[in-house]
There are 2 protein chains.
Amino acid sequence: MTDNGTVPISKKTTTKTPADGRRRELLATAAEVFAAQGYNATTVRRIADEAGILAGSLYYHFDSKESMLDEILSAFLDELWAGYDAVLAAGLGPRETIEALVTESFREIDRHRAAVAIYQKESRHLVDQPRFAYLAASQRKFEKAWLGTLERGVADGAFRADLDVRLAYRFVRDTVWVAASWYRPGGAHSPEEIARQYLSMVLDGIAVRPQEP
Amino acid sequence: MTDNGTVPISKKTTTKTPADGRRRELLATAAEVFAAQGYNATTVRRIADEAGILAGSLYYHFDSKESMLDEILSAFLDELWAGYDAVLAAGLGPRETIEALVTESFREIDRHRAAVAIYQKESRHLVDQPRFAYLAASQRKFEKAWLGTLERGVADGAFRADLDVRLAYRFVRDTVWVAASWYRPGGAHSPEEIARQYLSMVLDGIAVRPQEP
DNA sequence: ATCCTTCCCTAACAAGTGTTTGGTAGGTTA
DNA sequence: TAACCTACCAAACACTTGTTAGGGAAGGAT
């Protein structure tokens with residue numbers, strides 16, 4: 001296990017040099033292209049094109065293509081865990097915790113949809129790389145939070161006991177995060193509205209329940 | 001719309017030359033590597049290594065790397081639609097149709113987990129390519145079948161009417177297919193058992209329903 | 001014995017890849 | 001004016017990529 005409950009997700013110290021706004025711009029366009037084409041299928045020349053500069057110029061801002069990916073993912077995970085930790089520290093009941101986590105997740109998808117899409121597609125290959133070891137740490141912490149909450153809910157009678165909890169965990173987890181593949185900000189539904197409907201389906205199902213007379 | 005109900009998914013005519021068993025072997029290992037590393041991140045040399053031959057030797061069996069991907073995906077879709085069409089032609093009610101489709105889907109994941117994983121990761125970029133136009137056709141037919149069944153279920157009172165049907169469609173669809181990312185054949189649960197639990201969650205939810213006295 | 005088919009190897013090619021090096025225009029500071 | 005910093009360009013480098021051409025070994029068919 002980990003030495004304490006707080007797993008360090010990112011090693012970045014966020015040294016905000018004045019006017020690193022350009023970095024963020026470039027990272028945003030890079031994230032957009034990575035999400036659309038896939039990391040490996042994206043060339044640095046394509047990113048540079050999209051940014052209106054030449055490929056070599058990117059290396060004034062970043063060490064490598066990989067470090068761009070690194071910054072995109074760790075920045076996302078930092079924000080994600082800021083939100084999650086706040087929810088988990090609120091001391092809510094199991095059902096309310098799940099509701100809050102799902103809602104928070106859809107808000108993160110709304111804000112970081114490119115990063116989420118990249119994470120979904122690439123994280124599996126990246127975990128093995130030492131540089132991206134924090135992805136594995138995040139996944140462990142993630143599972144601990146969600147699975148723990150579900151088990152707590154089964155124990156106190158909020159959730160069904162006749163289901164495989166690990167299966168239910170993957171069910172809820174995937175259900176939420178794949179939404180990033182089709183979600184477009186500024187669409188018909190707000191993140192909160194989508195969360196509400198998803199929670200309704202996950203918690204109560206899509207079938208009509210037998211009426212009580 | 002399409003001219004008739006039957007959308008041609010694959011153009012392959014499956015000319016079974018005697019002893020093309022080697023082709024299938026190589027396609028299987030290629031699919032495995034594609035699924036593990038991603039299509040673009042996979043080199044033909046890696047595939048050849050895994051097969052115990054040299055990179056150039058692959059081109060005795062296949063025209064190109066892309067044609068391997070093509071064969072893998074279209075072979076999978078052919079089998080998938082064989083199963084789906086049988087279900088859809090059975091004339092079941094909406095709920096029973098959904099149950100049968102979900103079960104059939106998990107069986108396909110069991111048999112073609114590599115192809116499914118590849119499809120999930122790469123189909124979005126491939127659809128635009130003319131060669132992979134059949135992916136778009138398959139997606140349209142897929143949506144027609146699932147969304148239509150859900151709407152039928154809402155109309156006849158089997159499914160809840162207070163939900164956005166398109167959202168429910170994506171919910172059910174994603175819920176089923178992302179399972180390919182963690183499913184391993186020969187695991188603790190059979191495809192049918194996983195389908196049963198998934199259906200239980202999707203239809204009735206994971207929350208304990210208020211008891212009637 | 002000869003031919004043909006199947007399957008693979010050796011060796012290379014051209015294009016595309018991430019990255020580096022040195023330079024420069026423009027603005028800010030001393 | 002001089003030094004300096006930021007943000008970029010121009011041009012190339014080393015390497016990897018998918019792919020091809022020609023050849024050859026094994027084995028069955030004729």
Side-chain angles (χ1 to χ4, degrees), chain A residues 14-73 118 121-122 125-126 128-132, chain B residues 14-73 118 121-122 125-126 128-132:
Chain A
T14 338
T15 28
K16 282 202 186 184
T17 62
D20 62 344
R22 186 56 174 151
R23 268 182 89 86
R24 246 192 288 277
E25 275 183 34
L26 293 174
L27 277 181
T29 70
E32 221 58 52
V33 184
F34 285 157
Q37 324 238 349
Y39 173 73
N40 282 287
T42 300
T43 71
V44 296
R45 282 168 179 81
R46 181 82 169 76
I47 300 175
D49 273 8
E50 213 76 20
I53 60 178
L54 289 189
S57 306
L58 284 173
Y59 289 79
Y60 168 74
H61 298 278
F62 306 99
D63 291 340
S64 65
K65 180 189 175 189
E66 200 182 67
S67 78
M68 299 188 216
L69 179 62
D70 194 349
E71 273 195 53
I72 291 168
L73 291 179
I118 297 169
K121 269 187 221 165
E122 317 289 348
H125 343 172
L126 297 175
D128 305 323
Q129 242 167 308
R131 170 169 203 169
F132 293 95
Chain B
T14 340
T15 29
K16 279 202 185 181
T17 63
D20 62 345
R22 186 56 173 149
R23 267 184 88 87
R24 245 192 288 278
E25 276 183 34
L26 293 174
L27 277 181
T29 69
E32 222 57 53
V33 184
F34 285 158
Q37 324 237 352
Y39 173 72
N40 283 287
T42 300
T43 71
V44 295
R45 282 169 179 80
R46 181 82 168 76
I47 301 175
D49 273 8
E50 213 75 19
I53 61 178
L54 289 189
S57 306
L58 284 173
Y59 288 80
Y60 168 75
H61 299 278
F62 306 99
D63 291 338
S64 64
K65 179 189 176 189
E66 200 182 66
S67 79
M68 299 189 217
L69 179 62
D70 193 349
E71 272 195 56
I72 292 169
L73 291 180
I118 297 169
K121 269 187 222 163
E122 316 288 348
H125 340 174
L126 297 175
D128 304 323
Q129 244 167 306
R131 172 169 203 168
F132 293 96

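All figures in this text were calculated on a predicted structure; none of them were measured in a lab. Residue numbers start from 1 in every chain, and the chains themselves are labelled A, B, ... in the order their sequence lines are given, proteins ahead of strands.
Residue A:Thr43 is classed as a sugar-phosphate contact, given heavy-atom separations below 4.0 Å to backbone atoms only. Counting any heavy atom pair closer than 4.0 Å across all strands shown, B:Ile53 reaches sugar-phosphate atoms only and no base atom.
Judged by the 6.0 Å distance and 45° axis criteria, A:Lys65 is not positioned over the aromatic ring of A:Tyr59.
Closest to the side chain of B:His61, out of C:dC8, D:dT19, D:dC8, is C:dC8. Of the candidate nucleotides C:dC8, C:dT19, D:dT19, C:dT19 has the atom lying nearest to any side-chain atom of A:Ser64. Of the listed nucleotides (C:dG18, D:dC9, C:dC9), C:dG18 has the atom at the smallest distance from the side chain of A:Lys65. Of the candidate nucleotides D:dC8, C:dC7, D:dT19, C:dC7 has the atom nearest to the side chain of B:Arg22.
Side-chain contact check for A:Phe34 versus A:Glu122: every heavy-atom pair is 4.5 Å or farther apart. Between A:Leu69 and A:Phe132, the closest side-chain pair of non-hydrogen atoms falls below 4.5 Å. For the pair B:His61/B:Arg22, a side-chain contact is recorded, criterion being any heavy-atom separation below 4.5 Å from C-beta on.
As a whole-Å value, the separation of B:Phe62 CZ from D:dG18 P is 15 Å. Put simply, CG on B:Asp49 is 11 Å from P on C:dC9, counting in whole angstrom units.
For B:Tyr59 and D:dT20, the shortest distance from a side-chain N or O to OP1 or OP2 is not below 4.0 Å. Taking only side-chain nitrogens and oxygens, B:Ser57 comes nearer than 4.0 Å to OP1 or OP2 of C:dC9.
One N or O donor and one acceptor, one from the side chain of A:Arg45 and one from the base of C:dG18, sit under 3.5 Å apart.
Remark on DNA chain D: of its neighbouring residues A:Tyr60 and B:Asn40, the 5'-side contact belongs to A:Tyr60, judged by nearest-heavy-atom nucleotide.
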